[in-house]
Amino acid sequence: MKKRMEQRTSVLTTLLSCALIIAAFWMAGCSDGDGTGEIVLDPIDELVSEMTLEEKIAQMAGSGPGGPPFSVPGVERLGVPTFEMSDGPRGVQAQEGTTQLPVGMARGATWDPELERRVGEVMGSELRAAGGNVLLAPTINILNHPSWGRAQETYGEDVHHLSRMGVAFVEGVQVYALANVKHYAANNIENTRFDVDVNVDERTLREIYLPHFRAAVLEAKAASVMTAYNLVNGHYCAENEPLVREILKTQWAFDGFAVSDWFLGTRSTVPSALAGLDIEMPSAMHYGESLLEAVRGGEVSEALIDDSVKRMVRKKLQFRLDEPSPVDESVIASDEHLAVAREAAVKGSVLLKNDSAALPLDKSALTRLAVVGLLADTPNTGDTGSSNTTPSFIVTPLQGIEEAVGSEVTIDHLGTDTIDPADEAVIQQADAVIVVTGLTAEDEGEGLIGAGDRLELGLSSERVALIQDVAALNARTIVVLEGGSAITMGDWLPDVEALLMAWYPGQMGGHAIADLLFGDANPSGKLPLTIPKSVDDLPPFDAESSSVTYSYFHGYRHIDREGLDPELEFGFGLSYTTFAVDNLNADLSNAVAGDVVVFSVEVSNTGEVAGAEVVQLYVTYPGSAVERADLELKGFQKVMLEPGETQTVEIELPVNSLAYYEVSESAWVLEGLQYEVHVGRSSRDLPLSATLTVEEARPVALY
Ligand code: BGC
């Protein structure tokens with residue numbers, strides 16, 4: 001379904017022009033002309049002053065459950081356009097046939113913000129072409145546990161990495177449309193998402209659960225934020241004054257608007273309005289008439305309503321929503337956009353094992369290839385909840401492989417998860433066997449409308465047996481794994497020669513997988529999460545509890561602190577070439593608050609083929625006055641190198657990003673310490689080190 005936004009030239013445009021002229025006069029030192037000083041200079045104030053209370057309140061709730069796009073009224077008589085909102089994180093849902101990208105986790109695994117910015121542009125432009133103007137994405141809830149049903153929508157478990165990817169996506173979307181950053185905050189459980197009370201201490205909240213939202217707001221200037229369903233420290237997020245009014249709107253000076261999550265996302269009228277919730281979605285259940293009465297009864301001031309409406313009008317002006325879409329439908333699933341989807345699937349796939357150089361497969365040396373598993377020819381692109389999209393085609397792994405090898409190679413397709421005795425000879429005779437397996441929307445997804453949280457971190461026993469049975473029959477067993485987050489694999493990983501983590505790779509995924517299997521592309525993805533040996537190595541995850549307490553430590557921070565070894569560490573990923581890192585240097589060895597230290601490192605491609613490496617910079621805090629993570633990612637840079645090529649990569653480290661949140665002072669404090677900086681190719685492969693001295697402790701403003 002598609003709705004066109006009103007496209008006539010409006011009062012908004014006229015007012016915007018007036019504002020620009022007035023601003024020009026002002027800058028030139030002109031006064032108001034008659035000396036009264038009474039003129040209204042702000043076009044937003046002026047426009048809102050022309051609205052009735054009813055018109056203002058109508059703009060504070062969606063106009064109905066139907067969608068996407070989900071509409072939020074404007075004021076037609078004043079030419080104020082509607083918001084038209086659509087999910088979501090892996091493509092535009094509002095219209096069939098839009099480009100379907102790999103899920104967020106796959107894109108997180110690219111460690112490539114420049115690519116993610118282009119992904120954002122793809123979605124932003126397709127949204128406008130489809131008649132929408134607010135994209136309900138990105139999902140930037142941190143992956144505090146891989147069991148989270150919506151893990152696939154976000155970018156990973158690390159605060160810094162998540163911030164960089166989220167900022168890039170928002171910037172890309174906002175070339176065309178408004179981004180809606182969600183779900184604010186601490187939304188990391190599906191099964192009890194409507195009612196779970198997340199208890200999180202102030203320091204953990206500030207350092208682990210909020211920095212990526214702060215970055216999206218302050219750096220990327222996200223136009224809107226969606227409050228989460230859950231409670232944080234006893235208050236539903238939509239009526240959580242500390243989160244919305246104080247932190248988001250006051251401390252971060254957010255000038256956009258806050259939207260509730262759908263249906264049960266708003267629970268009250270007055271508390272929500274007072275807390276700073278600007279729009280109830282998808283319809284007026286607590287706002288509308290009830291809010292009107294609350295204003296008339298003096299419980300909510302009209303000034304507060306004006307503030308909400310001005311926030312929306314400001315963004316409508318800024319994004320010129322009253323004007324025709326800058327792009328037409330020809331952008332939807334254009335060759336260029338499909339190429340971005342394929343590129344993201346290629347660059348986000350992570351080569352996790354490659355014994356005996358099993359990969360890449362040499363097409364010219366193959367005669368028979370067996371492609372095995374129920375998922376080999378199944379479109380498997382992720383959750384069927386709100387992030388679902390309907391592309392006009394999906395390339396399955398089998399289709400991608402068939403197209404890549406052409407008619408020269410015989411492909412035996414066994415589209416089953418159980419090997420019959422009759423299949424054994426087929427597997428034995430193959431030059432190599434590709435097993436496509438993993439998780440589906442039946443295993444993980446959004447709560448209520450999807451599968452919810454994962455019950456197990458491993459594969460089903462049937463799928464484990466499939467891998468083991470195939471590996472017992474053919475030594476050249478290559479697994480292509482699909483899924484939205486960490487999958488434990490100790491029970492079958494030793495049996496197989498190679499493993500490619502493809503996540504849910506989107507509609508072009510089959511081509512991307514084939515590109516990588518046959519060496520037309522070289523894997524360059526890195527894990528944006530930890531794959532533990534066992535679920536017991538992670539903090540507890542309770543998907544049924546109505547109250548949970550989040551620890552400061554999760555993911556690699558938890559594994560490191562417990563002295564455990566992961567199955568595969570955060571930041572890990574192999575390539576068909578080899579790399580060396582050398583010569584770590586910094587432009588400063590003593591720094592003060594506000595400095596940005598530039599670290600440089602030489603990266604060489606020491607192998608035979610071109611490839612990309614992600615140089616990663618981690619920091620440790622010896623002697624810190626507060627408990628810190630053993631190691632924290634603070635910078636990274638992806639670099640493409642030809643065989644034999646060496647490049648100097650620079651990674652900037654803003655010294656203020658080393659600060660911790662001192663609860664007693666309600667302030668970020670940069671400690672006077674000798675910080676250690678470690679650089680390398682994963683969180684457990686850090687051959688280079690340097691020291692960075694900060695003499696004096698100082699409170700700092702972050703960003
Ligand atoms: C989800 C949001 C989504 C909204 C609209 C909610 O259930 O939590 O992420 O944007 O629905 O589809």
Side-chain angles (χ1 to χ4, degrees), residues 1 3 61-72 83-95 98 103-105 123-124 127 130 132-143 148-155 166 169-170 173 177-196 198 212-213 216 222-232 236-238 256-267 277-285 382-390 441 444-453 484 543:
M1 188 179 80
K3 235 189 266 176
S63 47
F70 300 95
S71 204
V72 183
F83 283 132
E84 301 293 337
M85 303 183 173
S86 169
D87 288 286
R90 72 176 193 263
V92 174
Q93 198 184 58
Q95 188 167 314
T98 54
V103 293
M105 193 62 78
M123 287 192 222
L127 177 74
N133 51 35
V134 180
L135 187 74
L136 303 172
T139 298
I140 52 167
N141 295 108
I142 202 152
L143 184 77
W148 180 37
R150 295 178 78 172
Q152 61 190 268
E153 289 183 41
T154 191
Y155 296 110
F169 180 84
V170 170
V173 170
L178 289 74
N180 181 258
V181 177
K182 66 190 189 184
H183 311 80
Y184 184 72
N187 180 165
N188 316 84
I189 298 175
E190 277 311 284
N191 294 2
T192 51
R193 65 175 170 163
F194 298 124
D195 284 302
V196 63
V198 177
H212 31 287
F213 285 99
S224 63
V225 168
M226 185 189 295
T227 54
Y229 285 121
N230 51 282
L231 300 89
V232 169
Y236 283 108
C237 287
F257 54 93
V259 179
S260 77
D261 203 337
W262 268 231
F263 300 106
L264 291 173
T266 311
R267 300 292 188 122
L277 179 74
D278 301 303
I279 303 179
E280 177 186 15
M281 288 305 288
S283 57
M285 291 189 288
D383 185 22
T384 49
S386 65
S387 64
N388 197 18
T389 71
T390 40
E444 57 183 343
E446 190 167 341
L448 204 65
I449 45 179
D453 298 312

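Both counts, for ligands and for their atoms, begin at 1 and track the order of listing.
- The shortest separation from a heavy atom of R150 to ligand 1 is under 4.0 Å, placing the residue in contact.
- Remark: R267 qualifies as a cation-pi partner of Y236 under the 6.0 Å distance and 45° angle criteria applied to the six-membered ring.
- Taking 4.5 Å as the limit, some side-chain heavy atom of R150 sits within range of a side-chain heavy atom of R193.
- The protein non-hydrogen atom at the shortest distance from atom 6 (C) of ligand 1 is D261 OD1, 2.9 Å.
- The contact set between ligand 1 and R193, taken as ligand atoms under 4.0 Å from a residue heavy atom, comprises 7 (O), 8 (O).
- Per-residue contacts place K182 under 4.0 angstrom from the following atoms of ligand 1 (heavy atoms of the residue considered): 2 (C), 3 (C), 9 (O), 10 (O).
- F263 does not count as a contact of ligand 1, since none of its heavy atoms falls under 4.0 Å from the ligand.
- Within the 4.0 Å heavy-atom shell around ligand 1 one finds E446.
- Among N141, I140, T139, the one residue that satisfies the side chain to side chain contact (heavy atoms under 4.5 Å, CB included) test with K182 is T139.
- Not close to ligand 1: M281, with no non-hydrogen atom less than 4.0 angstrom away.
- Regarding atom 3 (C) of ligand 1, its nearest protein heavy-atom neighbour is D87 OD1, 3.3 Å.
- Within ligand 1, the atoms closer than 4.0 Å to a non-hydrogen atom of L136 are 10 (O), numbered from 1 in the order shown.
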